[in-house]
Visitor: 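Here it is: the structure, laid out below.
Ligands are counted one by one from 1 in listed order, and the atoms in each one are counted from 1 as well.
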Amino acid sequence: MTTKVTAAEIAAQKEFARRVRELNCAREEPPVAHVHSFGCQQNVSDGEKIKGMLADMGYGFSNTADGADLVLFNTCAVRENAEDRVFGNLGALKHNKKQKPDMLIGVCGCMVQQEHITERIKKSFPYVDMVFGTHVLHTLPQLVYEAMTTHKRQISIPQMDGVIAEGLPLRRESGLKASIPIMYGCNNFCTYCIVPYVRGRERSRDPEEIVSEARCLVEQGYKELLLLGQNVNSYGRGTDVNFPELLRRINAIPGEFKICYMSSHPKDATRELIDTIAECEKVTRHFPLPVQSGSSRILKLMNRSYTREHYLELINYAKERIPDVALTSDIIVGFPGETYEDFQETLSLIREVKYDSLFTFIYSPRKGTKAAEMPDPISQEEKGKWFRELLEVQQEIGCSSYHNYIGRTLRVLCEGPGRTRDGCLTGKSIQNIIVDFDGDKSLIGSFVDVKITDALNWALIGELVKEN
Ligand code: 5AD
Ligand code: SF4
C-alpha cells in the first residue's frame, strides 16, 4: 500500500507556510533563499518543490549563498565526490553564518538519509539549523517555522518506505521544459547503489494525476515533458496502466511537444515499450538503457538481473523498430572483482552497440551496500587507466555515429543561444542530440527543421530549413 500524504496534512503545511510568510513580511527587507540541488533530475525536481514552498513562505531567490537569509543544500549520495562537494560547500557557510547569525541553513535529500552522514553533520557543522530526509520534504514549512521561532535545530529523518505528496507548490526552472515525477523510490538493490536505501520503496503516482499535470503543462506552452523515476519501466506494476500505456496516454494530448523519460532498467524494458516508442510520434527517439557492464559475470555480481545477451537482444530490437534511435547508457568502471578481461567485454559491447553518448563513472563504494563489502583488489590508478581507455573508445564511436546524421533534416526544439558560433541558436532533436544552427532569437521555444551539415563529437551543426 502506497502511503499518500493526506490533504489535511498538506493543508496544515500551507498554514505553517502562511505563518512563516507573516514573519517574513515583518522584516525590513524581503528575505532571500539560495537552494542548490546536487545530483540527478529527480533531485532537481525535488528542488522545484522546495523552491515552490519557499516562495509560498515569502522568500525570493538568489544564485549565491552570500547574503542569503536561508540556504538549503538538496544533496546527492550516489558517489563519494557528490558528498564531498556538499561537505566543502557546508564548510564555507560557517563564515556566512558568522556574518549573519539569524540566517537559516538546511541540508536535505539523499545524503542525509544515511545515519553516518547525519551524525557527521550534527558533530562537525553545529551551525546547520535543519536536516531533513527525502520522505518529509513536504514538511519544509513546519521545519522553517519551528527553526525560526524556537531557534532549535530541526532534525527530521524518518526511516520509512516513503510517501507520495500531491499538490505541493512548484517553482519550475524553465518555461519550456518540465519534469514530471511519475514514481519515487527503487526496489532493485543493485549491489553498488545507495538509492534504494535513501529513497525508499518503489511507488507510482496515479496515472490520472500525471496525465492531467501533463495536459496542463502543454496548455501552458511547455514543449518538453521529462517523465522521471529511478526505473520508469516498472511504473504502475500490478495495475492496468504500465509505462507504455502511460506514454500512449500522454502522447494522445493534442499539440506539438516532446516526451522524454529517465531512467530505465533493462530487466524491465520490454518489446511493448520499444513498440510504443516507435508508434508514439511525440516520444523522443532516444532510448537510454543503462547497461553498467558488458560482462555477464559482473552484471550478476551487480544484481542487475539480465545478461549481456539479453541486453543486446533488446538493443537490436530497438534498432530494428526505431531506425533513427539514439542509444545512450551508463557505465561503471572498476566494480569490485572486475578484471581487465571483464572490462574488455564492456569495451566490446560499446563497440557493438555504438552508443551516441555515454555517462561513465568509476565505481565509488557506498557504505551499507553489498558491493562495499566485496573484495576490491584493483588499484584506483589502474581503474583510472581503464576509465581513460573507455573514454577514448567512446570518443571514436560517438564521432562516427554523429557523422551519420550529415545530410539529414531533423526536427529540433530550439532552446536558446548556442555555443559553437557567436549568435547561433541551439536545441535538441527528437533523438535528444544537441543541434546548433543560425537563426533569429524569436525561434526560441518553437520546433524547427534543421538540415545537418557537420558533426562534432558532442553536437551536430545544421542550417535552418525555411518553411514555405
Ligand atoms: N559508483 C559509481 N557509479 C554509480 N552509479 C550508481 N551508483 C554508483 C556507484 N556506487 C552510477 C550508475 C547509475 C548512475 C546514475 O550512477 O551508472 O546508472
Ligand atoms: Fe543522487 Fe540517486 Fe539521490 Fe538522485 S536519487 S540525488 S542520483 S542518490
Side-chain angles (χ1 to χ4, degrees), residues 37-46 75-86 109-111 113-114 116-117 134 179 181 183-199 202 226 228-234 260-269 286-295 298-299 301-306 308 311 314 327-338 342-343 346-347 349-350 353 355 357-376 378 380 382-384 386-388 390-391 394:
S37 290
F38 297 78
C40 66
Q41 291 294 332
Q42 188 81 53
N43 235 31
V44 173
S45 161
D46 283 351
T75 62
C76 168
V78 77
R79 284 172 293 275
E80 197 178 356
N81 58 5
E83 296 191 339
D84 290 344
R85 279 174 53 213
V86 171
C110 293
M111 229 172 120
Q113 283 293 142
Q114 306 168 94
H116 67 282
I117 297 282
T134 51
S179 301
M183 59 192 302
Y184 305 95
C186 182
N187 285 355
N188 293 313
F189 290 94
C190 302
T191 53
Y192 52 81
C193 189
I194 195 72
V195 171
Y197 302 91
V198 295
R199 288 235 170 224
E202 208 168 86
L226 173 61
L228 290 176
Q230 294 303 332
N231 173 14
V232 291
N233 298 325
S234 57
C260 307
Y261 59 89
M262 67 191 301
S263 295
S264 133
H265 193 310
K267 87 177 161 59
D268 300 306
H286 169 203
F287 196 35
L289 201 60
V291 67
Q292 313 296 356
S293 167
S295 152
I298 295 298
L299 288 172
L301 288 174
M302 288 177 163
N303 191 31
R304 291 290 286 174
S305 309
Y306 56 86
R308 173 191 175 101
Y311 181 86
L314 274 173
L327 297 163
T328 60
S329 187
D330 295 357
I331 304 278
I332 296 178
V333 173
F335 182 81
E338 186 175 31
D342 292 312
F343 171 64
T346 298
L347 291 188
L349 180 126
I350 288 169
V353 176
Y355 291 105
S357 61
L358 283 183
F359 297 93
T360 48
F361 310 100
I362 294 184
Y363 168 72
S364 168
R366 305 284 65 211
K367 200 174 162 133
T369 60
K370 276 202 177 150
E373 306 300 319
M374 295 178 186
D376 190 3
I378 304 291
Q380 279 304 110
E382 187 65 12
K383 290 182 183 184
W386 298 1
F387 187 74
R388 287 189 290 281
L390 171 69
L391 294 187
Q394 178 54 27

Visitor: List every atom of ligand 1 that sits less than 4.0 Å from any heavy atom of Gln292, numbering the atoms from 1 in the order shown and giving each element.
Guide: 12 (C), 13 (C), 17 (O), 18 (O)
Visitor: So how far is it from Lys267 NZ to Asn303 CG, rounded to the nearest 0.5 Å?
Guide: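 With rounding to 0.5 Å, NZ (Lys267) is 9.0 Å from CG (Asn303).
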Visitor: With rounding to the nearest 0.5 angstrom, report the OG1 to OH distance, Thr328 to Tyr355.
Guide: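 Answer for the OG1-OH pair, Thr328 versus Tyr355, is 8.5 Å.
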Visitor: Heavy-atom distance to atom 9 (C) of ligand 1: which of Ser263, Ala77, Ser329, Ser364 wins?
Guide: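 Of the listed residues, Ser364 has the closest heavy atom.
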Visitor: Going by atom types only, do Ser264 and Asn233 share a side-chain donor-acceptor pair under 3.5 Å?
Guide: yes
Visitor: Can you sort out the partners of Arg79 under salt bridge (charged side-chain N to carboxylate O under 4.0 Å, His left out), two or more places apart, ordered by chain and number?
Guide: none
Visitor: Only heavy atoms of Val78, strictly under 4.0 Å: list the atoms of ligand 1 that pass.
Guide: 6 (C), 7 (N), 8 (C), 9 (C), 10 (N)
Visitor: Under 4.0 Å from a heavy atom of Ile332: give me the atoms of ligand 1 that qualify, with their elements.
Guide: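 Here the atoms of ligand 1 in question are 3 (N), 4 (C), 5 (N), 12 (C), 17 (O).
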Visitor: Give the atom numbers and elements of ligand 1 that come within less than 4.0 Å of a heavy atom of Ile362.
Guide: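 Near Ile362, meaning under 4.0 Å from one of its heavy atoms, ligand 1 has 2 (C).
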Visitor: Give the intermediate values and the outcome of side-chain contact (heavy atoms from CB on, under 4.5 Å) for residues Arg199 and Cys110.
Guide: CA-CA 7 Å; Arg199 288 235 170 224; Cys110 293; 3.3 Å; yes
Visitor: Quick check on the 6.0 Å ring-centre criterion: do Phe387 and Phe361 meet it?
Guide: no
Visitor: State whether the shortest distance between N or O atoms of Arg366 and N or O atoms of ligand 1 falls below 3.5 angstrom.
Guide: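 Arg366 vs ligand 1: no N/O contact under 3.5 Å.
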Visitor: Can you confirm whether the side chains of Ser234 and His265 place a donor and an acceptor under 3.5 Å from each other?
Guide: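 Checked: Ser234/His265 side chains show no N/O donor-acceptor pair below 3.5 Å.
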Visitor: Does even one non-hydrogen atom of Ile194 get within less than 4.0 Å of ligand 1?
Guide: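 Judged by the 4.0 Å heavy-atom criterion, Ile194 does not count as contacting ligand 1.
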Visitor: Could you check whether the rings of Phe343 and Trp386 sit parallel, tilted or perpendicular, using 30° and 60° as the cut-offs?
Guide: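 Parallel, since the angle between the ring planes stays under 30°.
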Visitor: Which of the atoms of ligand 1 are close to Asp330, meaning less than 4.0 Å from one of its heavy atoms?
Guide: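 By the 4.0 Å cutoff, the relevant atoms are 13 (C), 14 (C), 15 (C), 17 (O), 18 (O).
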Visitor: Between Phe361 and ligand 1, find which residue part has any heavy-atom pair under 4.0 Å and reply side chain, backbone, both or neither.
Guide: side chain
Visitor: Between Met302, Met262, Arg79, flag the one that comes closest to atom 16 (O) of ligand 1 by a heavy atom.
Guide: Arg79
Visitor: Polar contacts were defined as any N/O atom of the residue lying under 3.5 Å from an N/O atom of the ligand; does this apply to Tyr363 and ligand 1?
Guide: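 It does not: no N or O of Tyr363 is found under 3.5 Å from an N or O of ligand 1.
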